[in-house]
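Values reported hereafter were calculated over all heavy atoms of this structure, with side chains retained and with hydrogens, waters and symmetry mates removed. Reminder, nothing fancy here: chain letters follow the sequence lines and each chain counts from 1. Predicted, not measured: the structure shown is a model, and the values here were computed from it.
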Protein chains: 4
Amino acid sequence: MNKLTLELASQMVDTALAEGRRLALQPLCVAVLDAGGHLLALKREERASLLRPQIASGKAASVLGMGFGGRELSRRAAALPAFFNALSDLAGGNMIPVPGGVLVRNGAGEVIGAIGISGDSSDNDERCAIAGVLGANLVPDSGGL
Amino acid sequence: MNKLTLELASQMVDTALAEGRRLALQPLCVAVLDAGGHLLALKREERASLLRPQIASGKAASVLGMGFGGRELSRRAAALPAFFNALSDLAGGNMIPVPGGVLVRNGAGEVIGAIGISGDSSDNDERCAIAGVLGANLVPDSGGL
Amino acid sequence: MNKLTLELASQMVDTALAEGRRLALQPLCVAVLDAGGHLLALKREERASLLRPQIASGKAASVLGMGFGGRELSRRAAALPAFFNALSDLAGGNMIPVPGGVLVRNGAGEVIGAIGISGDSSDNDERCAIAGVLGANLVPDSGGL
Amino acid sequence: MNKLTLELASQMVDTALAEGRRLALQPLCVAVLDAGGHLLALKREERASLLRPQIASGKAASVLGMGFGGRELSRRAAALPAFFNALSDLAGGNMIPVPGGVLVRNGAGEVIGAIGISGDSSDNDERCAIAGVLGANLVPDSGGL
């Protein structure tokens, strides 16, 4: 597996949304990007608020942009706030350094895409993102612990 | 009532402005958006300053974007300043996390729009927004207390 | 009358919308700007399509920006397409050189604001705009004939 | 049916993609927006080129923005090129006046969303979009014939 397919991306999205329903979370939006940062699949539950697609896609773009999962980005943003403000401008707003953005790696450890989720708390968003990646037999890199 | 009409939106705007005059507040701007974040009605008192339309519309767009009233957004922004800086960039500036943005719900609790007011203190702006929603027999969700 | 008031702007908007209903036009959006190009009043009939507020405001901003009514702007855009393409970029998109943007003049001929309408054909939009200005006992300058 | 659900949006996307495979078309991207212009579901076949998500979403946003299907938009753009250049700037690029953007109407004729497809010829994109809407038992408005 060198390249993420739509089939696997769709499976990740559906598994993540199912996890959200199982946990009775707030309405979610889930986005999966390929390794080039381009959307493969996105679903927004119809009661989710309006910015959720941008936030979900932005979380996924952020982890691809910097090469770390969202949890690590949140630590770095706390340590280097001015740098992350600058990155946010540089990225046209696509720098959302919070948990819920997760790199997708293959068995060899290569980055083949990313998943981003928004709608509930960042911790819960991340939990569903990890479930989605595992459901596709791929390796989540959330930047944890 | 599943969809906000211009008639109801206009009534909200006029009631909110009348409340501002009754309280002798600073000149106000009031904006009402539909559930998709698109303007239905906006009025700016002629002595209000120049950015008031953008701030009023931005407050209304913010509560629709995140699904919480402005008072709750202000609490979250105080707790998570870096995240809200990032959201502001992501939303092209339409993230104004202060009181005065109020979700408009129907009797079934569904979000059917939002009202945003700017011109006086945030607390007074919010007071007029709530008066406007109640005046149309709809349910304000300011994110209070 | 040196400065447009909210009261007069609201009257223009309501008269223009009433004219649209009288003529059974498509759903309209009407925007009135003051002489500085800042919104005083805007109403969008709830079935009007989503870009109508931007187009209506943009038509009004265009006539204030260049100092000619929309009908004259449309003639100039036809004669000078490259210049108007450049103006559109310069104005961040707020250059819509078609009928339906009308300067509002006082009895002394001074520009005190502008009205823009979008929703039906440009000719019908302009007809309602002129009706709105006349209804407030002010002088429309559509850039006609 | 007053509001598009994620379930119906997903069904539209999957039906449209299946039609593309049945016809052996180029790789496609399909986007479904709600009535407010916000993404509900998007899928891009992994071999589709990089701008396809923006084009598909932009086609859907265009028909919601103006209230006409893409085929009618293409006729209007041919007749009024300067106006559509201006609209493109005003809409930040989200004005793609070609077939392949289709309004989604309910049985009462109300617009409840839009679908946009990009990847093959505009005619083939539109054919798949119509198939997607019909597959969800909703009414496509492509702006045809």
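- Interface with chain B: from residues 123-143 of chain A, no residue qualifies, criterion being any non-hydrogen pair under 4.5 Å.
- For residues 44-55 of chain A, a heavy-atom distance under 4.5 Å to chain B picks out Ser49(A), Leu50(A), Leu51(A), Arg52(A), Gln54(A), Ile55(A), given by residue number.
- Checked by atom type and distance alone, the side chain of Lys59(B) pairs as donor or acceptor with a backbone atom of Pro99(B) at under 3.5 Å.
- Scanning residues 107-119 of chain A against chain B with a 4.5 Å heavy-atom cutoff picks out nothing at all.
- Atom CG of residue Leu39(B) and atom OG of residue Ser57(B) lie 4.5 Å apart, to the nearest 0.5 angstrom.
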Practice task
Evaluate side chain to side chain contact (heavy atoms under 4.5 Å, CB included) for Leu103(B) paired with Leu64(B), printing each intermediate quantity in order.
Solution key: CA-CA 7 Å; Leu103(B) 290 167; Leu64(B) 289 168; 4.0 Å; yes
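- Under the 4.5 Å side-chain criterion, counting only non-hydrogen atoms from C-beta, Leu4(B) is in contact with Val32(B).
- Atom CD in Gln11(A) sits 8.5 Å away from atom OG1 in Thr5(A) (nearest 0.5 Å).
- The two atoms that bring Ala41(A) and Leu6(A) nearest to each other are CB-CD1, 4.3 Å, heavy atoms only.
- Of the inter-residue distances, the one linking Leu17(B) atom CG with Lys43(B) atom NZ reads 7.0 Å to the nearest 0.5 angstrom.
- Across all non-hydrogen atoms, the minimal contact from Ala31(B) to Leu42(B) is CB-CD1, 3.9 Å.
- Interface with chain B: from residues 66-89 of chain A, residues Asn85(A), Ser88(A), Asp89(A) qualify, criterion being any non-hydrogen pair under 4.5 Å.
- For chain A, the nearby part of Ala35(B) is the backbone; its heavy atoms alone come within less than 4.5 Å.
- Two residues are said to be in side-chain contact when any heavy atoms from C-beta on lie closer than 4.5 Å; Asp120(A) and Leu28(A) meet this criterion.
- In this structure a side-chain-to-backbone donor-acceptor pair under 3.5 Å is missing from Asn94(A) to Ala61(A).
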Practice task
Any chance you could lay out the side chain to side chain contact (heavy atoms under 4.5 Å, CB included) test for Val30(B) and Met12(B), step after step, and finish with the verdict?
Solution key: CA-CA 9 Å; Val30(B) 183; Met12(B) 277 190 249; over 6 Å; no
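- Between Gly93(A) and Leu90(B), the closest heavy-atom pair is O-CD1, 3.2 Å.
- A distance of 13.0 Å separates CG in Asp34(B) from CG in Leu8(B), rounded to the nearest 0.5 Å.
- Side-chain contact between Thr15(B) and Glu19(B): absent, with no pair of heavy atoms (C-beta onward) separated by less than 4.5 Å.
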